[in-house]
Asks: 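Take a look at this one; I'll ask things after.
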Amino acid sequence: MDASADLPLSRRAMAVPQAAAPWLDGLNPEQRRAVEALDGPVLMLAGAGTGKTKALTARIAHLLTTGRARPNEILAVTFTNKAAREMRTRIGRMVGEAVEGMPWVGTFHAVSTRLLRRHAELVGLKSSFTILDSDDQLRLLRQLVQAAGIDEKRWPARQLAGVIDGWKNRALDPDRIPAADASAYDGKAVDLYAAYQRRLLDLNAVDFGDLLLHCIRIFRENADVLAQYHRWLRYVLVDEYQDTNVAQYLWLRLIVGPSRNVCVVGDDDQSIYGWRGAEVGNILRFEQDFPGAVVVRLEQNYRSTPHILAAASAVISGNKGRLGKTLWTALNEGEKVRLIGHWDGDEEARWVGEEVEAMARGTRGMDPIRPGGVAILVRAAHQMRAFEDRFLTIGLPYRVIGGPRFYERQEVRDAMAYFRLVISPDDDLAFERIVNTPKRGLGDKAVQAIQVCARRNGVGLLDGARIAVESRLVGGRGGAELKVFVEAVERWHRQAIEEPDAHVGLAETILDESGYTAMWKAERSPDAAGRLENLKELVKALEGFDSLQGFLEHVSLVMDNATEDGEEKVTLMTLHAAKGLEFPAVFLPGWEDGLFPSQRSLDEVGLKGLEEERRLAYVGLTRAERVATVSFAGNRRVHGQWQSQLPSRFIDELPPAHVEVLTPPGLYGGGYGAAGMAMSASPVMQAQASSDIMDRAARADVYASPGWRRLQERAARPVREPQEGRGLTIDAVALSSFAVGDRVFSQKFGYGRVQAIEGDKLDVLFDKAGAKKVVARFVVAAPGQGEMPF
DNA sequence: GTTAGCAGCGTTTTT
DNA sequence: CGCTGCTAAC
């Protein structure tokens, strides 16, 4: 990559339109302050829907247009590709083509990649390093775990991946792991982490976390490099600052130069990524980190009606330790937040489907809302299935955001592995993925032989394979096919070098000659056709790039589906994916304790988890412009088992004055709590009920049942903080003291409650696995909520 | 070495 | 319930 392409060598004037100041039009006084405070640190606390992105982009336009900075002197980082794209588009709208010259607008990871490509050799990498996604990462870790002779059943590699990611989020190198963490993964995590890092270096590869960590190291160890960027990147902006983790924070502290021209934007109430290491503390601490910072609060909400805003504010006020904002709006009253309970998840989906259609017609005196203006926001991805099923049956067009992503599909990843291997023949991970795809008669033994061969000769697997064939270490049918494969890859590789422009044709050749397309054609499973479609689409996507290499680079970071069509579709996505978006109508299904707030979150991080869940509720509600509809079901199928559900405690936090209960009033009286209570019933009753209406006798049964009493107790119990450790790691301290009734977690059986104690053995009733006797040291205290009812 | 059939498992959220 | 990973037979 050529430095002169995007960094200034001389200070010539930039071609930026010199209009009066249209980018300042329509800003309110606070926004304007945030835009015009150009020098020194700025903290923009922007509540939901207060025009944060508008202010941020206006600020960039202001910097450019006043000549304070040129396009390539502004560093603007976001978290998601979506946000980065959005920012680019909006800057483009204000300053036109100048946005093309802004290389430093992107996600933390994308910007880091750019930096790292340039200075790779400073951390022992080649600038052509590959970026592993979580899938690759897991495969690699699995190999290491196996090599270490660890029983993967008891210690899943996935867990190790989680531990390592956690450390990377906190910017901890293998030699810096605090003693308290040393017991993780049976005490072997630290060594495996070190081994993993060595292996990555060998492979000339990095994972997502490394992108940041390597940059941090480069900055720390190379003052000259850092100084250079301080000179170049004159203004720094960070979006969604409340989501930064420790590594990102350090990265930022380093890259912001002595001029301290840094503007961070965020909302502590929308911090929903604690589980992946985000530290709300970063935003709470900003004024201490950058003394003298200008603090701007954006509190006027332009998005939602007063009822929606009031409901959201009431819910979020249950959290402690907020910076505190008072959102207000000049909009007219509008609809109250609507609340409805359903018998089960299927009925909830059915009702939502009908409601979407009704809204399109214009129901209850409301102006019509087209399906394209409707979003269904769920807590967990698996909730989406019920809606998809329903929408398919009634023929309601929908789209899923953040579902299984295009570039994560097996066939696409396989094809990509072929391309990777052709471009970089020493990409061992790619080689391993596809040597035997399609089947070439090469099993574990053959692959092992190749590996031995490669290691002995100090070469990559592809070369190792050639040697193995020549020396007949791999013979028979597999050997013959391997020979063909190796020769083909080498041929394609030459072709890629000789005719770099013919990359689209080459891609087709690779997929055809390797037999990969044929493999799917021969398969007659229902989704084979779709996979072939995807392959075609992949090849088509290639046309947008001028080389295979460029394409691979793009794909490794931008892993989302950008296919947008103009059709009117209902949007289905998780609450996490919805942050930053807005819709005229929003449905919030599944507000049931255990699902939302998620039981796991409560078990693992206690009150902190509950507060994060509450912020999620706040994010959900504040996505709505005109109508927000909260719903819950009394019964839900979890792992194929029917479970009774208690309405979410967040429902009780909705202020009655701003809520309209839609459930037929004959069903129950009183507040929402009662609403949900009547809906919660045993699976037996579920079979009895033929309609929405339950008779009194049935309800009496519900209230009398032991399950119901347990539910009430559970709801009444306060959330406790988890004890030692994070509840997931086996922690010596937590071993000793169990009491009957304690909530515990076991690697093997999940969560449960202690029934009896005999010496070092516990009788535990597990939520899912049932009653088991377990040795105390295999179990760890996991205080939190009670068991599932009934 | 491959494939089919079975058991057991697990589901939060993502760059 | 749907998936993955393992085992037993081809």
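Please read all numbers here as calculations on a predicted model, not as lab measurements. Naming convention: chains lettered A, B, ... in sequence-line order (proteins, then strands); numbering from 1 in each chain.
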Asks: Please evaluate residues Trp155(A) and Tyr185(A) with respect to the criterion ring pair (Phe, Tyr, Trp, His ring centres under 6.0 Å), reporting the C-alpha separation (whole Å), side-chain torsions for both, the decisive distance (0.1 Å), and the verdict.
Replies: CA-CA 7 Å; Trp155(A) 297 100; Tyr185(A) 198 70; 5.6 Å; yes

Asks: Verify whether one side chain among Gln143(A) and Glu432(A) offers a donor that lies under 3.5 Å from an acceptor in the other.
Replies: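 Note: Gln143(A) and Glu432(A) side chains meet the donor-acceptor criterion.
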
Asks: Tell me the interatomic distance from Leu138(A), atom CG, to dT14(B), atom C1', rounded to whole angstroms.
Replies: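 Atom-to-atom, Leu138(A) to dT14(B), this comes out as 15 Å.
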
Asks: Quick one: Gln137(A) CD to dT15(B) P, roughly how many Å, whole number?
Replies: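 Taking CD of Gln137(A) and P of dT15(B), I get 14 Å after rounding.
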
Asks: Hey, is Trp275(A) doing a stacking thing with dT13(B), by the 5.5 Å centroid and 30° angle criteria?
Replies: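 Yes; by the centre-distance and plane-angle rule, Trp275(A) counts as stacking on dT13(B).
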
Asks: To the nearest Å, give me how far apart CG (Asp135(A)) and C1' (dT15(B)) are.
Replies: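 Those two atoms, CG and C1', are 14 Å apart.
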
Asks: Start with the C-alpha distance between Lys608(A) and Glu612(A), add both sets of side-chain angles, then the distance that settles salt bridge (charged side-chain N to carboxylate O under 4.0 Å, His left out), and finish with yes or no.
Replies: CA-CA 6 Å; Lys608(A) 241 176 109 183; Glu612(A) 181 152 314; over 6 Å; no

Asks: Flag the pair Phe208(A) / Lys168(A) as yes when at least one side-chain heavy-atom distance between them is below 4.5 Å, and no otherwise.
Replies: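 A side-chain contact under 4.5 Å is absent here.
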
Asks: Sugar-phosphate means primed atoms, P, OP1 and OP2; the rest is base. With that split, encode nucleotides 1-10 of chain C 5' to 3' as B, S or - using protein heavy atoms under 4.0 Å.
Replies: BS--S-----

Asks: Please determine whether a side-chain nitrogen of the Lys or Arg among Asp344(A) and Arg636(A) lies less than 4.0 Å from a carboxylate oxygen of the Asp or Glu.
Replies: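 No salt bridge links Asp344(A) with Arg636(A).
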
Asks: Run the ring pair (Phe, Tyr, Trp, His ring centres under 6.0 Å) check on Tyr273(A) and Trp275(A) step by step: do they pass?
Replies: CA-CA 5 Å; Tyr273(A) 286 107; Trp275(A) 52 272; 5.6 Å; yes

Asks: Counting neighbours of CZ on Arg158(A) that are heavy atoms of other residues, nucleotides or ligands and sit closer than 6.0 Å, is the number greater than 12?
Replies: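 12 or below, so no.
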
Asks: What is the separation between atom CD1 on Ile131(A) and atom P on dT14(B), rounded to the nearest whole Å?
Replies: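 Between P of dT14(B) and CD1 of Ile131(A): 20 Å.
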
Asks: Verify salt bridge (charged side-chain N to carboxylate O under 4.0 Å, His left out) between Lys579(A) and Asp243(A), making sure each step is shown before the conclusion.
Replies: CA-CA 12 Å; Lys579(A) 192 162 70 161; Asp243(A) 289 333; 2.4 Å; yes

Asks: Using whole Å, report how far CE of Met573(A) lies from P of dT14(B).
Replies: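 Computing the Met573(A):CE to dT14(B):P distance gives 11 Å.
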
Asks: Measure NE2/His576(A) against C1'/dT15(B) and give the value in whole Å, please.
Replies: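 Distance check: His576(A) NE2 to dT15(B) C1' gives 13 Å.
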
Asks: Could you write nucleotides 1-7 of chain B as a row of B, S and -, 5' to 3', where a protein heavy atom under 4.0 Å of any base atom gives B, of only sugar-phosphate atoms gives S, and otherwise -?
Replies: SSS----

Asks: What is the distance, to the nearest angstrom, from the CG atom on Leu132(A) to the C1' atom on dT14(B)?
Replies: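 One finds 16 Å between C1' of dT14(B) and CG of Leu132(A), rounded.
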
Asks: Please give, in whole Å, the distance from dT15(B) P to Asn81(A) CG?
Replies: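 Rounded to the whole Å, the gap is 7 Å.
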
Asks: Ignoring backbone atoms, test whether Thr574(A) places a side-chain nitrogen or oxygen under 4.0 Å from the OP1 or OP2 oxygen of dT14(B).
Replies: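 Yes, within the criterion.
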
Asks: Base, sugar-phosphate alone, or nothing: which one does Phe79(A) contact when heavy atoms must sit under 4.0 Å apart?
Replies: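 Sugar-phosphate, no base atom in range.
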
Asks: Could you tell me whether Tyr398(A) and Phe387(A) have their ring centroids closer than 6.0 angstrom?
Replies: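 They do not qualify: ring centres at least 6.0 Å apart.
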
